[in-house]
Amino acid sequence: MTNPPAIWPGADGQPIACREKLKVLAENHDEAAQILQDTFEDAVLMGVDEAAMREILAGLVAGLRSPKGRGA
């Protein structure tokens with residue numbers, strides 16, 4: 001799995017600096033990474049093509065809706 005990014009860019013272009021926010025972002029990153037890894041492994045072990053599953057998971061990310069009412 002990948003590590004969380006070293007810098008979380010804010011909407012204003014400046015890095016997020018609040019320690020509590022950084023802690024939550026890192027925890028969320030770890031949780032999401034584990035869930036995605038488990039989902040990917042299950043699918044591949046059940047016979048789904050690896051490349052196809054990567055596209056399916058990328059589609060999930062591309063389809064995320066913004067809590068601000070913008071985006072996909």
Side-chain angles (χ1 to χ4, degrees):
M1 283 189 287
T2 62
N3 292 324
I7 296 174
W8 293 88
D12 62 359
Q14 296 298 312
I16 301 294
C18 173
R19 290 180 194 248
E20 192 60 33
K21 288 180 182 179
L22 293 170
K23 178 182 174 186
V24 170
L25 289 166
E27 288 171 356
N28 287 346
H29 182 278
D30 289 345
E31 286 179 37
Q34 187 61 57
I35 289 168
L36 287 170
Q37 183 65 47
D38 292 346
T39 301
F40 180 74
E41 288 176 7
D42 288 348
V44 170
L45 291 173
M46 288 187 269
V48 176
D49 177 70
E50 285 189 30
M53 191 60 197
R54 289 179 193 279
E55 287 183 31
I56 291 165
L57 293 173
L60 283 172
V61 173
L64 293 174
R65 289 170 290 180
S66 172
K68 294 181 179 183
R70 298 185 308 245

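- Contact between Leu22 and Ala17 at its shortest, heavy atoms only, is CD1-O, 3.8 Å.
- Hydrophobic clustering (side-chain heavy atoms under 4.5 Å, transitive across Ile, Leu, Val, Met, Phe, Trp, Tyr) keeps Val61 apart from Ile56.
- One finds the CG atom of Asp30 at 8.0 Å from the CG atom of Asn3 (value rounded to the nearest 0.5 Å).
- In this structure, Pro9 and Ile7 approach most closely via the heavy-atom pair CD-O, 3.4 Å.
- Summarising the geometry of Glu50 relative to Phe40, their closest heavy-atom pair is O-CE1, 3.7 Å, with the distance given to 0.1 Å.
- Of the N and O atoms on the side chains of Gln34 and Asp38, at least one donor lies less than 3.5 Å from an acceptor on the other residue.
- The heavy-atom pair separating Ile16 from Lys21 by the smallest distance is CG2-CB, 3.9 Å.
- Contact detail for Thr2 and His29: the closest heavy-atom pair is O-CE1, 3.3 Å.
- Glu20 CD to Leu25 CG: the interatomic distance, rounded to the nearest 0.5 Å, is 10.5 Å.
- Distance check, rounded to the nearest 0.5 Å: CG of Leu57 to CD1 of Ile35 gives 11.5 Å.
- Considering CG of Asp49 and CZ of Arg54, their distance stands at 10.0 Å, rounded to 0.5 Å.
- The distance from atom CG of Leu60 to atom CD of Glu55, rounded to the nearest 0.5 Å, is 12.5 Å.
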